[in-house]
Amino acid sequence: MTQPKSQFLSREPLHQNSQEAKWKRLVKTKYIDPNGVKRDWESAERQTRPCDSPVDGVNIVAFLNKSSGSEILLEKQYRPPIDQIVIELPAGLIDPGETIEQTAVRELKEETGYVGVADKTSGIMYNDPGFCNANFNMVYVQVDMNLLENQNPKPDLEDNEFIECFTIPVSRLSVELQKLESEGYAIDARVGSIAEGIEIAKRLKL
């Protein structure tokens, strides 16, 4: 079922000291380069990272193990900064006291309805380190399609979340992403990187 479209209204600066800035803030970093020159760097920081966590959140590579082969679970979600619907992995922020794997399983259930088991976690990755300090772990989750709870999964979305879930056979990920991009969807870099990795593995016969 396709979600109704969001409508872009306007964009304006969010002032540095504004009480509206609940999630992110702009910062200026002063540093000395290898030549001894003092420099400034403007960047953004998340304000949501728990004090007991080295990362902000998780990205979830969920594989639905079907009789016809393995499929990767993806999402369509409108992202206001680019005014486009983006093809993304399920993801979410870590709650205080949670492990990386607990966050992945919880967020997968909340966003997609699927129940899975985390079986591998990557090292810490950074989204765009020249722009912000946001980081994450990528967690691989196996979804057993024989489980009763995965027969008719129902997400538990917040009132500001409008997410459409769908799957793509892993072997066709690159081709299907190209098709989605031609239809006007934006492709999240993490999804695109996975697709490119699969194509590299095919080319090099790894």
Side-chain angles (χ1 to χ4, degrees), residues 1-29 40-50 55-62 71-95 103-104 106-114 125-139 153-168 172-196:
M1 178 178 173
T2 302
Q3 296 281 357
K5 290 185 178 180
S6 296
Q7 182 180 358
F8 177 84
L9 295 177
S10 65
R11 182 172 286 124
E12 62 187 34
L14 185 61
H15 298 295
Q16 174 68 22
N17 296 320
S18 172
Q19 294 302 309
E20 292 182 273
K22 299 176 182 177
W23 304 96
K24 304 169 185 74
R25 65 176 181 174
L26 295 177
V27 295
K28 180 186 288 187
T29 299
D40 295 337
W41 194 285
E42 295 179 0
S43 61
E45 286 185 345
R46 280 193 178 275
Q47 301 189 76
T48 55
R49 185 183 301 174
V55 294
D56 297 300
V58 298
N59 276 258
I60 305 156
V61 185
E71 299 184 6
I72 189 169
L73 180 60
L74 299 175
E75 298 179 345
K76 295 176 181 178
Q77 187 168 191
Y78 175 75
R79 292 301 190 182
I82 61 172
D83 189 29
Q84 281 185 273
I85 297 175
V86 183
I87 307 301
E88 305 176 339
L89 297 170
L93 299 176
I94 293 175
D95 286 343
T103 300
R106 174 181 59 76
E107 286 287 351
L108 182 69
K109 180 71 167 61
E110 290 176 0
E111 291 192 355
T112 73
Y114 284 103
M125 300 181 180
Y126 290 84
N127 296 330
D128 187 350
F131 174 71
C132 65
N133 74 333
N135 62 5
F136 64 95
N137 287 102
M138 191 169 283
V139 183
K154 297 187 185 308
D156 182 20
L157 300 175
E158 297 180 18
D159 62 1
N160 64 342
E161 290 183 311
F162 301 90
I163 297 171
E164 179 184 343
C165 299
F166 67 107
T167 63
I168 293 177
R172 291 188 51 80
L173 183 57
S174 182
V175 172
E176 294 300 324
L177 289 182
Q178 290 177 27
K179 186 185 300 182
L180 286 163
E181 186 175 18
S182 72
E183 294 171 358
Y185 293 97
I187 309 300
D188 182 89
R190 285 149 288 198
V191 178
S193 294
I194 291 171
E196 291 301 319

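When reading the values below, keep in mind they use all heavy atoms of this one structure, side chains included, and skip hydrogens, waters and symmetry mates. Along the sequence shown, the residues carry numbers beginning at 1.
Between the side chain of Ser182 and the main chain of Lys179, a donor-acceptor pair closer than 3.5 Å is present. No donor-acceptor pair closer than 3.5 Å links the side chain of Trp41 to the backbone N or O of Phe131. Between the side chain of Glu107 and the backbone N or O of Ala104, no donor-acceptor pair lies under 3.5 Å. A distance-only check finds a donor-acceptor pair linking the side chain of Gln84 to the backbone of Gly184 [under 3.5 Å]. Under the 3.5 Å distance criterion, the side-chain polar atoms of Glu75 are left unmatched by any main-chain donor or acceptor of Glu88.
For the pair Leu73 and Leu108, the tightest heavy-atom approach, listed with the atom from each and the gap, is CD2-CD1, 3.8 Å. Glu111 and Pro155 get closest at one heavy-atom pair: O-CB, 3.3 Å. Closest non-hydrogen pair, Leu89 versus Val191, comes out as N-CG2, 3.6 Å. The two residues Asp56 and Arg46 have their closest heavy-atom pair at CG-CD, 3.5 Å. The two residues Arg190 and Asn59 make their nearest non-hydrogen contact at NH1-ND2, 3.3 Å.
Rounding to the nearest 0.5 Å places CG of Leu74 at 10.0 Å from CG of Asp188. Atom CZ in Arg79 sits 11.5 Å away from atom CD1 in Ile85 (nearest 0.5 Å). Here the straight-line distance linking atom OG of Ser174 with atom CD1 of Ile194 works out to 12.5 Å at 0.5 Å rounding. Distance check: Ile94 CD1 to Thr103 OG1 gives 4.5 Å after rounding to the nearest 0.5 Å. Interatomic distance, SG of Cys132 versus CG of Asn127, reported as 5.5 Å (0.5 Å rounding). A distance of 11.5 Å separates CD of Gln77 from CD of Glu164, quoted to the nearest 0.5 Å.
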**OP:** For the pair Asn133 and Arg49, evaluate side chain to side chain contact (heavy atoms under 4.5 Å, CB included) and give the outcome as yes or no after the intermediate values.
**Re:** CA-CA 11 Å; Asn133 74 333; Arg49 185 183 301 174; 3.9 Å; yes

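Annotation: side chain of Ile72 is in contact with side chain of Leu173 (closest heavy-atom distance under 4.5 Å). The shortest side-chain heavy-atom distance between Tyr185 and Val86 does not fall under the 4.5 Å cut-off. With contacts defined as side-chain heavy-atom distances shorter than 4.5 Å, the pair Val61/Met138 qualifies. Contact annotation: the side chain of Val58 never approaches that of Phe136 to less than 4.5 Å [non-hydrogen atoms, C-beta and beyond].
The number of heavy atoms from other shown groups lying within 6.0 Å of CD (Gln7) does not exceed 12.
Ionic pairing of Lys28 and Glu42 is not present here: no N-O contact between side-chain nitrogen and carboxylate oxygen is shorter than 4.0 angstrom.
Side-chain atoms of Asp83 and Tyr78 form a donor-acceptor pair, as typed in the model, at a separation below 3.5 Å.
Remark: Lys76 is positioned above the aromatic ring of Phe166, its terminal NZ or CZ atom under 6.0 angstrom from the ring centre and at most 45 degrees off the axis.
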